[in-house]
Amino acid sequence: MNQPVRVRFAPSPTGALHVGGARTAIYNWAFARRHGGTFILRIDDTDPERSTPENTAQILRSLRWLGMDWDEGPEVGGPHAPYFQTLRARLYSAALERMKAEGSAYPCFCTTLELEAKRSAAREGDGTPGYDRTCRRLTRDQAHARIAEGAPHVWRLAVPEDRGDIVVDDAVRGETVFPASAMDDFVLVRSDGTPTYNFATVVDDAEMDITHVIRGDDHLSNTPRQIMVFEALGHFVPRFAHLSMIWGADGKKLSKRHGATSVEQFHAEGFLPEALLNHLALLGWSLDGETTVFHADALTHNFSLERISKNPAIFDFEKLEWMNGAYIREMPNERFAERMMPWLEQAGISTPDDLEKRRDWYRELAPLVSERVKRMTEIGPAVAFLFQETVTVDPTAAAKAFSVEGTRDVLDAVATSLDGLAEWTPTAIEEVLRAIPEHFAMKPRIVFQAVRVAVTGGLVSLPLFESLALLGKAASVARVRAAEAAVSRT
RNA sequence: GGCCCGUUCGUCUAGCGGUUAGGACACCGCCCUCUCAAGGCGGAGAUCACGGGUUCGAAUCCCGUACGGGCUACCA
């Protein structure tokens, strides 16, 4: 097959974009980009009960957030539009007409009850599953007559009598053989005229000239059926690549119990799209077995089906968190300052306007924060003390840091020293504060913890001298004085 | 039941006949240190699911078994 690569991601809008679906999308996208091919987004919305426009919108949003861009599909159009299955009904009936004419599809009038009886009988007996082809034995005239009568019927695939074993040469699994005996005349079109998944998806993949089908493992068993439809349609069979599932920590299907499952939720919880992309990419694929942190371009330059692993993966939230921290840390200060803005805004701490006014200040703040947060949601709590008029001292922290004998005098000395500082920089502040413990013959950490609690309100904070520098002289001195007053009262 | 797929440190993985079975997260220790992080160094952790073969030699190839998963729908 030497034609240009065309791949597709075909989510069903019955829910939000899941991490499993996201990974499938990423692999398809990376494969297309790597080979200069076309990445198509198609919405498989044939389930009228559960499909919603809201879900579709959310899926598109999540994909975009992750950095996926599609060459054909919703919002961008393309030569094979429309890209919603519900709008492609004509194609399915056209395909069925062709198959009827060629005898590769036939009507079946068996009722659900009859089918159930057949199934349980078969299961008791030789174990051969599938439809027993009762209606296939009807003559053309008989079938026509029943249809004319208005008898409800579905359309089934007439599996060729001479069709041998079906070999799927899967790019991930290798050669997988499905015995011909296991192939049944499955339903192509329901009695209400709508196509089944196995039919619609093949008609679409054929019409869109999909060359590689990269999708979840759960479709592997359906593949021989689909291959037969491709053959009945006289269309080339694409290459398949089946991805293993992503599980929760207990080896069960990933669910809310395990934490976030939808891409949107990861976003809300403070994860960066590039980190989630990286982590997902690594769940079943490896660059070289050594490199763990890499950007999207590494994927678009190196992605290959051959390096996809066969075994299922368990989603490791801790590793993702570490990776997110790694991405935060490597971000240039300027960029981090911009990226933290939405989170500060959301927390009601700051506004983009403020960033415009004090870019330098934010640039100084950035590295102090980025070095110690793993998620964007942690930024707010870490920097809040710098944006508030006064600080509320945590009682437990106060009890710990202010209980040392002589704290009042120490804080007085600190306030005085700071107040007398002509130059308000971290180094100048450090210099003058270092002299305090010496003077009182105390351990530096004892003194600095007292100042930290006084200024930041807690026992854990951004580096002290830098924090004071960013806070400003007036506020710093005021907070130390306030603490001093509080201490003397006890 | 039938048919398919999978099984390397707790987790993600490298490995594609000959390696002291490598890396990353998590964990532990030390260093750095104003707290917390980050960083540096080191450590522990895998009888390669199990049993048979093939081979001079198997985590790697073949066959079973066990355990997990998928499909077996007028769901996708």
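Values below: all heavy atoms of this structure, side chains included; hydrogens, waters and symmetry mates excluded. Predicted model, so just to flag it, every value in this text is computed and none were measured. Every chain is numbered from 1 and lettered A, B, ... according to where its sequence line falls, protein lines coming before strand lines.
Listed pair A/Asn311 / B/U8 meets the phosphate criterion, a side-chain N or O lying under 4.0 Å from OP1 or OP2. Put simply, A/Arg329 has a side-chain N or O that comes within less than 4.0 Å of OP1 or OP2 on B/G39. OP1 and OP2 of B/C71 both lie 4.0 Å or more from every side-chain N or O belonging to A/Arg225. Listed pair A/Thr46 / B/A76 meets the phosphate criterion, a side-chain N or O lying under 4.0 Å from OP1 or OP2. A/Thr196 has no side-chain polar atom (N or O) that falls below the 4.0 Å cut-off from OP1 or OP2 of B/C74. Phosphate contact (OP1/OP2 of B/U13, side-chain N/O of A/Ser309, threshold under 4.0 Å): present.
Residue A/Gln85 is out of contact with every strand shown, counting any heavy-atom pair closer than 4.0 Å. Contacts of A/Pro312 with the nucleic acid, taken as non-hydrogen atoms under 4.0 Å apart, involve only primed sugar atoms and P, OP1 or OP2. Among the protein residues, A/Gly284 comes within range of the sugar-phosphate backbone only, with heavy atoms under 4.0 Å from sugar or phosphate atoms but none that close to a base. Note on A/Ser286: only backbone sugar-phosphate atoms sit closer than 4.0 angstrom, heavy atoms only; bases stay farther off. Within the nucleic acid shown, A/Arg452 comes within 4.0 Å of at least one base atom, counting heavy atoms only. Contacts of A/Thr292 with the nucleic acid, taken as non-hydrogen atoms under 4.0 Å apart, involve only primed sugar atoms and P, OP1 or OP2. Residue-level contact check: A/Val373 touches neither bases nor backbone, having no heavy atom under 4.0 Å from any strand. Residue A/Arg307 is classed as a sugar-phosphate contact, given heavy-atom separations below 4.0 Å to backbone atoms only. Among the atoms of the strands shown, only primed sugar atoms or phosphate atoms (P, OP1, OP2) are found under 4.0 Å from some heavy atom of A/Asp44.
Remark: A/Arg156 fails to qualify as a cation-pi partner of A/Phe186 under the 6.0 Å distance and 45° angle criteria applied to the six-membered ring. A cation-pi contact, defined as under 6.0 Å to the ring centre and within 45° of the axis, is absent between A/Lys374 and A/Trp322.
Between the side chain of A/Lys319 and the base of B/A24 there is at least one donor-acceptor pair of N/O atoms closer than 3.5 Å. You won't find any donor-acceptor pair under 3.5 Å spanning the side chain of A/Ser244 and the base of B/G6, going by distance alone. Donor-acceptor pairing under 3.5 Å, judged by distance alone, is absent between the side chain of A/Thr112 and the base of B/C74.
For the side chain to side chain donor-acceptor pair (under 3.5 Å) test, no residue two or more places apart in sequence or in another chain qualifies with A/Arg445.
Both A/Ala249 and A/Thr194 sit near RNA chain B, but only A/Ala249 has its closest nucleotide nearer the 5' end. Nearest-nucleotide assignment on RNA chain B puts the 5′-proximal partner with A/Glu175, out of A/Trp247 and A/Glu175.
With a 3.5 Å ceiling on both atom-pair distances, B/C32 lacks any Watson-Crick or G-U wobble partner. Summarising the base pairing, B/G45 is matched to no nucleotide, lacking a Watson-Crick or G-U wobble pair whose two defining distances lie under 3.5 Å. Taking a pair to require two hydrogen-bonding distances under 3.5 Å in either a Watson-Crick or a G-U wobble arrangement, B/G1 pairs with B/U72. Pair assignment for B/A24: B/U11, on the basis of Watson-Crick or G-U wobble contacts that are both within less than 3.5 Å.
Between A/Glu269 and A/Arg375 there is a salt bridge, since at least one side-chain N of the basic residue sits less than 4.0 Å from a carboxylate O of the acidic one.
Remark: of the listed residues A/Arg133, A/Arg163, A/Arg225, A/Arg133 is the sole one forming a salt bridge (Lys or Arg N to Asp or Glu O under 4.0 Å) with A/Asp185.
Surrounding NE2 of A/His295 are more than 12 heavy atoms belonging to other residues, nucleotides or ligands, all under 6.0 Å away.
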